[in-house]
2 protein chains.
Amino acid sequence: MTAEHTATLDDVARAAGVSRATASRVVTGQGPASQHSRDRVTAAVAALGYVPDASARALVTRTGTRLAIAVIGHTAAVLDDPYVGRVLTSAAHVAAEREVGVSLHWLPLHDPGSLARLADGRGLGGLVVVNPTRPALDTVPRSLRGRVAAVGVGTRHVPSFDVDNRSGTDGVVRHLVRSGRSRIAMVTGPSWLPCGDRAVEAYRKVLHDSGGEPRVVPGDFTAIRGAKAAIEIMARWPDTDAVFALSDLTALGVLDGLHALGVRVPGDVAVAGFDDITFAGLSRPGLTTSTHPVEEIAAAAARAVLDRRDTSGATFYPSALVVRDSA
Amino acid sequence: MTAEHTATLDDVARAAGVSRATASRVVTGQGPASQHSRDRVTAAVAALGYVPDASARALVTRTGTRLAIAVIGHTAAVLDDPYVGRVLTSAAHVAAEREVGVSLHWLPLHDPGSLARLADGRGLGGLVVVNPTRPALDTVPRSLRGRVAAVGVGTRHVPSFDVDNRSGTDGVVRHLVRSGRSRIAMVTGPSWLPCGDRAVEAYRKVLHDSGGEPRVVPGDFTAIRGAKAAIEIMARWPDTDAVFALSDLTALGVLDGLHALGVRVPGDVAVAGFDDITFAGLSRPGLTTSTHPVEEIAAAAARAVLDRRDTSGATFYPSALVVRDSA
DNA sequence: CTGTTAGCGCGTTCAA
DNA sequence: TTGAACGCGCTAACAG
């Protein structure tokens, strides 16, 4: 009770009347232990408020004390995306509860070795890959199995935590159709990013069902690209009456591009985004978009890795339409 | 050269022909060492690409392997501020180079014990306090001396890394005056935040010099507050022709509030912000603001803590006017 | 100025 | 099922 000095495993063992080895087995959950000692140890842990020392544990298990967040992209600029900021913030929060830290890394898209190098580095407790490609995930070494999660697509060995792009897109595009739009263009994400595929499919399906023609333009999640895409779209299909961008940042760029063209929003063209970033509510007109529990997704991925949960397979999180002024 | 397994201090010592203790002294920079062995060890470090194992070091120095970023504020919502995201991102990057992670913490403004509790926790390699108050900084235990830095005001024991609010404000307000505005209102930061004081002083000085009357309204760095502040300002001083907000988010809120009032920007009222967040260039009209090297500041603070540099005193970073459409 | 010795807190053999 | 002993990589104390 006289906490004073943070309790060590020795203290727990002594209080429980067992050896340190036994206490260790109970605490880690690895190895055998009788029900009796199990009870005594857990009681002692609770009484002393014991928390394993992450450094000591890492030293012996060669397992590291930090959670790496790796973002795949063309340039290091991907790290500046507000989406990454939200993921990082949330993961850092989860990590803090377990006395571990997070670090942030950029993985060049065309450098297949970078993930393996990162994974080989010491001090790595776990790895969360943001916007991965499947080939990239296949390069994570076996030694990291069970300590990797993806925010985006996963593989058989890497559990995935992602937003339900399909139903999210469906909701937005249907909203556009409902409000009388029929010539709807879409600005996608980067072509190499597999998790955008389901969104494009959903978009095509809604358009097909409502008798519209797909008008797809590639994007890269940046605002600059959105402005350019808007100009391309209006040049190629001048009768376009709505633009859906798979990223709010891009949608804001579309707003900019249309404004430069003298096109009124939503009067002439409706614009919708995807993500519901903070600024979506602050633009003029306010951006209609779909909101995602990004923080929740990131937290789940971080927990899966940190707690070594066997969460294989994919977990999808719902995306909900947010109607503002732009569509 | 056969790197294969990451180099250990033993490897370095062997390669340099000295004992491990000597190698340790050179690497850490603590304790005496002859020039000769110093050279040989540094050469060996470079040749082997040696990076100290953070866990092992932390275990013996009882110093932890993570860098905590603590943000002081009224509610946990301060963690969502994009400014915090930028600080965290940059710090995480610096930390990654040293194989340590960062964690993110909210320090309730009116809970004086929270900083001490955080600092007492194990596993803490260093602490960067964002937007601190001096009384709060005085609660960091002595044991952390030399491993704490502030992004904002500092104290005698805590080095400070901050933007030069004074000259930044001076630049923005002078720009407003130059462009013909004279009835300039200011929305400040939270009243408890000392680093805003210099900005208010600078604002008052410019107004005094140019024969204007100060019109100061308290803010809290949020957009919502900005919208309300705009309405308050126009009600109290209807002839106001410019508003300067000490935060871009707030300035964007001001834009919103003025728009709701039917006031044209910059026609009737000019609006300027502070920070130059990503969205400053995406709002309509584009926000005139002052840009800060937030990433650089955060990186310097993180490095000071991680490298145990004796950077006492305050380091100020320049703030530069960015003229867009709103002023 | 240098090398030797002794742990830091923990997981993991190996015998019992 | 348990406990004793060992070592992870490193810094700190002490002798030389």
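Labels below follow one simple rule: chain letters A, B, ... track the order of the sequence lines, proteins then strands, and each chain is numbered from 1. Quick note: numbers below take in every heavy atom, side chains included, and nothing from hydrogens, waters or symmetry partners.
For D:dC8, the OP1/OP2 oxygens have no side-chain nitrogen or oxygen of B:S55 closer than 4.0 Å. Dashed line: the shortest gap from a side-chain N or O of B:T8 to OP1 or OP2 of D:dC10 is under 4.0 Å.
The closest side-chain heavy-atom distance from B:V148 to B:V305 is not below 4.5 Å. Between B:Y83 and B:D275, some side-chain heavy-atom pair lies under the 4.5 Å cut-off.
Nearest to the side-chain atoms of A:T22 among the listed nucleotides D:dG3, C:dT2, C:dC10 stands D:dG3.
Residue-to-nucleotide proximity on DNA chain C shows that, of B:V18 and B:A56, the 5′-proximal contact is made by B:V18.
The distance from atom CG of B:D11 to atom P of D:dC10 is 9 Å, rounded to the nearest whole Å. Put simply, CD on A:Q35 is 11 Å from P on D:dT2, counting in whole angstrom units. What separates CG of B:L59 from C1' of C:dC10 is a distance of 8 Å, to the nearest Å. Rounded to a whole Å, the CZ atom of A:R40 is 18 Å from the P atom of D:dT1. The separation between B:R14 atom CZ and C:dG3 atom C1' is 15 Å, rounded to whole Å. One atom, CD of B:E99, and another, C1' of D:dC8, lie 15 Å apart when rounded to the nearest Å.
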I need a per-nucleotide contact map over nucleotides 11-16 of chain C, read 5' to 3'. Cutoff is protein heavy atoms under 4.0 Å; write B for the base, S for backbone only, - otherwise. BBB---
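The side-chain contact (heavy atoms from CB on, under 4.5 Å) check on B:S90 picks up B:E295, B:A298, B:A299, with sequence neighbours excluded.
Remark: the A:T63 side chain and the A:R57 side chain contain no N/O donor-acceptor pair separated by less than 3.5 Å.
Recorded end-axis angle for the helix from C:dC1-D:dG16 to C:dA16-D:dT1 stands at 40°, based on five pairs per end and rounded to 10 degrees.
Interatomic distance, OG of A:S103 versus CZ of B:R98, reported as 12.5 Å (0.5 Å rounding).
Using a 4.0 Å heavy-atom distance criterion, B:A33 is classed as a sugar-phosphate-only contact. Residue contacts for B:S37: at a heavy-atom cut-off of 4.0 Å it reaches the sugar-phosphate backbone alone, with no base atom in range.
Nearest heavy-atom pair across B:H74 and B:W106 is O-CZ2, 3.3 Å.
The pair B:R117-B:D111 meets the salt-bridge criterion, with a side-chain N (NZ, NE, NH1 or NH2) lying under 4.0 Å from an Asp/Glu carboxylate O. Between B:D138 and B:R156 there is no salt bridge, since none of the side-chain N atoms of the basic residue sits less than 4.0 Å from a carboxylate O of the acidic one.
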Decide yes or no on side chain to side chain donor-acceptor pair (under 3.5 Å) for B:T65 and A:T65, but give the supporting numbers first. CA-CA 7 Å; B:T65 101; A:T65 81; 2.4 Å; yes
